[in-house]
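Report on one structure; see the data block that follows.
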Protein chains: 2
Amino acid sequence: MNYLGNKLRELRASKGLLLRQVAAYIEVDTALVSKLERGERKAKRGHVEALAKIFKVNEKELITLWLADQVFDLVKDEEVANDVLKVAESELKYVKSSAKE
Amino acid sequence: MNYLGNKLRELRASKGLLLRQVAAYIEVDTALVSKLERGERKAKRGHVEALAKIFKVNEKELITLWLADQVFDLVKDEEVANDVLKVAESELKYVKSSAKE
DNA sequence: ATTGACTTGTCAAATTTTGACTAAAGTAGA
DNA sequence: TCTACTTTAGTCAAAATTTGACAAGTCAAT
């Protein structure tokens, strides 16, 4: 339920960096980075992008996790959660079949 | 991209109701109902519930569309949109396999 | 006890959402 | 056309949510 945060913490560990170093790099408070990693706060897109840079990973990969966590939050307590994803998928297919708009 | 709104308009038409009548029932301004139907404003859960009642349809059905539209909005402009849904699905599976939390 | 890494709590500021209100635009009948 | 009525568009203040710094706290190692 916090795929992005887990990933960020993994990455940071693998580089042997401290919260404070990551925080300095993305120009936020150390406490905020801690919260992002633990999913207590939602990152902004800009944060995710900066983090992808510092960790030298594909930005899309992190953005995907970032969005997935948000989608998850939206439906996690719903019994219709799976149906929701199905319908959303069909909406996506619909627009991508380039029915304009 | 506005499955709920379209559905609401269909339902209203099928019952031969005016915006003003629906609005009175759910106790909001007529203009708001118009906007909900056209997806210009996001309904609140309570609105969706009330609308399910007035139209005598399964509440879950409308809630599903309501949530799906929100998920769609979140990912519609993302190239990773489909991946996002996949990951979200896996997050869902993970929690439902009752790994606690 | 001190130091350093991380976490937690708080809060004001900033941003976003909300929905009524008003006015405009569209529609149909006389 | 005139008129009555439905629907849509624009505006805006109030309400709700988000944001992130700051300060204080915990914890581990020394």
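Because only heavy atoms are used, hydrogens play no part in the values below, and waters and symmetry mates are left out as well, while side chains stay in. A, B, ... follow the sequence lines: proteins, then strands. Residue 1 opens every chain. What you see is a predicted model; the values in this text were computed from it and never measured.
A residue-by-residue look at B/Leu19 and B/Lys44 shows that B/Leu19 has its nearest nucleotide of DNA chain D further toward the 5' end. Residue B/Lys42 is the one, among B/Lys42 and B/Ala31, whose nearest nucleotide of DNA chain C lies closer to the 5' end (criterion: closest heavy atom).
Backbone-only contact: B/Arg20 has heavy atoms under 4.0 Å from sugar-phosphate atoms and none from a base. Within 4.0 Å (heavy atoms only), A/Lys35 reaches at least one base atom of the nucleic acid. Contacts of A/Arg38 with the nucleic acid, taken as non-hydrogen atoms under 4.0 Å apart, include base atoms.
If you measure from atom CD of A/Glu40 to atom P of D/dT18, you get 14 Å, rounded to the nearest angstrom. The distance between atom CG of A/Leu36 and atom C1' of D/dA21, rounded to the nearest whole Å, is 13 Å. One atom, CG of B/Leu18, and another, P of D/dC5, lie 11 Å apart when rounded to the nearest Å. Note: CD (B/Gln21) to P (D/dC5) measures 13 Å, nearest angstrom. Look at CG on A/Leu32: it is 12 Å from P on C/dT7, rounded to the nearest Å. B/Asp29 has its CG atom 12 Å from the C1' atom of D/dA9, to the nearest Å. Distance B/Arg9 CZ to D/dT6 C1': 11 Å, rounded to the nearest Å. Straight-line distance from the CZ atom of B/Arg41 to the C1' atom of C/dT17: 8 Å, rounded to whole Å.
For D/dT19, the OP1/OP2 oxygens have no side-chain nitrogen or oxygen of A/His47 closer than 4.0 Å. Side-chain nitrogen and oxygen atoms of A/Ser34 include at least one within less than 4.0 Å of the OP1 or OP2 phosphate oxygen of C/dT7. Residue A/Arg45 places no side-chain N or O under 4.0 Å from the OP1 or OP2 atom of D/dT19.
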Would A/Arg45 and B/Glu78 count as a salt bridge (charged side-chain N to carboxylate O under 4.0 Å, His left out) if you check the C-alpha gap in whole Å, the side-chain angles of each, and the deciding distance to 0.1 Å?
-> CA-CA 12 Å; A/Arg45 193 184 198 94; B/Glu78 308 284 344; 2.8 Å; yes

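Ion pairing between a basic and an acidic side chain is recognised when a charged N comes within 4.0 Å of a carboxylate O; A/Glu59 and A/Lys53 show no such pairing.
Taken from CG in B/Leu4 to CD in B/Glu61, the straight-line distance is 10.0 Å, to the nearest 0.5 Å.
B/Tyr94 and A/Val75 fall within the same hydrophobic cluster, defined by Ile, Leu, Val, Met, Phe, Trp and Tyr side-chain heavy atoms under 4.5 Å apart, directly or through other members.
By the neighbour-count criterion of 12 heavy atoms within 6.0 Å, atom CD of B/Gln21 is densely surrounded, having more than that number from other residues, nucleotides or ligands.
The side chain of A/Val28 lies closest to D/dA21, out of D/dA9, D/dA21, C/dT7.
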